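The structure appears below as structure tokens.
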Amino acid sequence: WISVAERPVASWPREIVIRLHENLRIKTEWNNMRASLLVGKPIKTGHEKEDKWKPAEWKPPKRLVFSQLLIPTADSTRAEYIMEKLRTLDEMRSERRKEVGLLNTLLIGGAGTAKTSIVLMNQAGLSDDYSFKRINFSFYTLPHNFQESIDSEVEKKNAKNYRPFRDKKLVVFLDDFSMPQVNEWNDQITLEITRQLIDFRGFYFLDKEERGNPKAITGLQFLAAMNHPTNGRNDVPNRIKRPVIDLGLRSEEHTSELQS
């Protein structure tokens, strides 16, 4: 008996070759994108004029409220670019393997790095095919609070299948993502039901009549924001980091240190 890796490539099963090719392509594209984002240069796709990390022209609103101004920057443009690219992916990466697509983004940064502002600017650019729901997590947010918030935004389609109202897609923004209480087993149960919804596209009915039956929910994309897990702040479990793309946002102080 010899392992697949020891056989000639020509004799490998077709599924393994396809999966390796797919993983290599995604890894290469992501590494190119990450390198481009770090140095602040455009991604070379043959359309350099369109790919510059230049913020869109800002137009002041008719009613100017200084505390509510959202002005795009090069960093916010990069983050929004990735969120938009992920949004175009299929909900299911593989129907046969029941593998969900990687549509979700987690913004990580200290205070003042415009995590919430980036998401709100992204919300302003959503088409009519999308609706938006913001959920603020806190120390006291429990799983049933999260589930009730999601249930209020979806409607029944057939049997146990649910989708957002008017058959739109729903972008769910989870602010202060790391805030829910950590229990004695170092778990955050509110984040576990969030992971369940992302991984399995659903959870279980809480109603007395159907309690314990599975409830399938499709058409969701998650955006989340959290502080760096330092100075006593919570980290989030590795299980919830797996189905999301982590984007680290730099403060002006950190950027000036890198440039020097």
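None of these values were measured; they are calculated from a predicted model.
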Worksheet item: If only atom types and distance count, is the side chain of Glu91 paired as donor or acceptor with the main-chain N or O of Gly219 below 3.5 Å?
Response: yes
Practice prompt. Evaluate the side-chain proximity of Arg233 to Ser178: yes if any heavy-atom separation is below 4.5 Å, no if none is.
Written response: no
Discussion item. What I'd like to find out is whether the side chain of Val171 reaches to under 4.5 Å of the side chain of Leu223, using heavy atoms alone.
Written reply: yes
Worksheet item: Quick one: hydrophobic cluster around Ile189, which other residues, with the 4.5 Å side-chain cut-off, linked directly or via members?
Response: none
Worksheet entry | Contact list for residues 171-181, test salt bridge (Lys or Arg N to Asp or Glu O under 4.0 Å), sequence neighbours left out | Arg134-Asp175
Discussion item. Determine whether Met179 and Thr141 satisfy the following criterion, side chain to side chain contact (heavy atoms under 4.5 Å, CB included), listing intermediate values before the conclusion.
Written reply: CA-CA 8 Å; Met179 286 291 287; Thr141 304; over 6 Å; no
Worksheet, complete the sentence: In this structure, CZ of Phe203 is separated from CZ of Phe146 (nearest 0.5 Å) by 6.5 Å
Practice prompt. Applying side chain to side chain donor-acceptor pair (under 3.5 Å), name anything that partners Glu84, two or more places apart in sequence or on another chain.
Written response: Arg87, Asn122
Worksheet item: Any idea which heavy atoms bring Asn104 and Leu86 closest together, and the distance?
Response: O-CD1, 3.9 Å
Worksheet item: Could you state the interatomic distance from CG (Asp167) to CG (Asp129), rounded to the nearest 0.5 Å?
Response: 10.0 Å
Worksheet entry | Considering all heavy atoms, the nearest Ser149-Lys133 contact | O-CE, 3.9 Å
Discussion item. To the nearest 0.5 Å, what is the distance between CG on Leu206 and NE2 on His144?
Written reply: 9.0 Å
Discussion item. With a 3.5 Å distance limit and no angle check, can you tell me whether Gln188 reaches the backbone of Gln181 through a side-chain donor-acceptor pair?
Written reply: no
Discussion item. Rounded to the nearest 0.5 Å, what separates atom CD1 in Ile82 from atom OG1 in Thr105?
Written reply: 7.5 Å
Practice prompt. Mind telling me whether Phe177 and Phe137 have parallel, tilted or perpendicular rings, with 30° and 60° as the class edges?
Written response: parallel
Discussion item. Is any side-chain heavy atom of Ile217 closer than 4.5 Å to one of Arg163?
Written reply: no
Worksheet item: Which salt bridge (Lys or Arg N to Asp or Glu O under 4.0 Å) pairs, counting each pair once, include a residue from residues 181-200, with sequence neighbours left out?
Response: Asp187-Arg239, Glu192-Arg195, Glu192-Arg239, Arg195-Asp199, Asp199-Arg242
Fill in: Contacts of type salt bridge (charged side-chain N to carboxylate O under 4.0 Å, His left out), residue Glu155, not counting sequence neighbours
Lys157
Response to the item:
Looking only at heavy atoms, the pair that brings Leu120 and Leu70 closest together is CB-CD1, 3.8 Å
Discussion item. Is any side-chain heavy atom of Tyr130 closer than 4.5 Å to one of Lys168?
Written reply: no
Item to complete: State, to 0.1 Å, how close Lys115 and Leu107 come at their nearest heavy-atom pair, and which atoms those are.
Response: O-CD1, 3.6 Å
Worksheet item: So, Thr218 and Arg201: side-chain donor and acceptor under 3.5 Å apart, yes or no?
Response: no
Worksheet entry | Interatomic spacing from CG in Leu174 to CD1 in Ile135 - rounded to 0.5 Å | 5.5 Å
Discussion item. Give me the atom names and distance for the closest heavy-atom approach of Met226 to Asn234.
Written reply: CE-O, 4.1 Å
Worksheet entry | Val182-Phe139 co-clustered via ILVMFWY side chain contacts under 4.5 Å | no
Item to complete: Look only at the side chain of Ser76 and the backbone of Pro72, and say whether a donor-acceptor pair between them is shorter than 3.5 Å.
Response: no
Practice prompt. Please list all pairs passing the salt bridge (Lys or Arg N to Asp or Glu O under 4.0 Å) test where one or both residues lie in residues 202-215, with sequence neighbours left out.
Written response: Asp151-Lys215
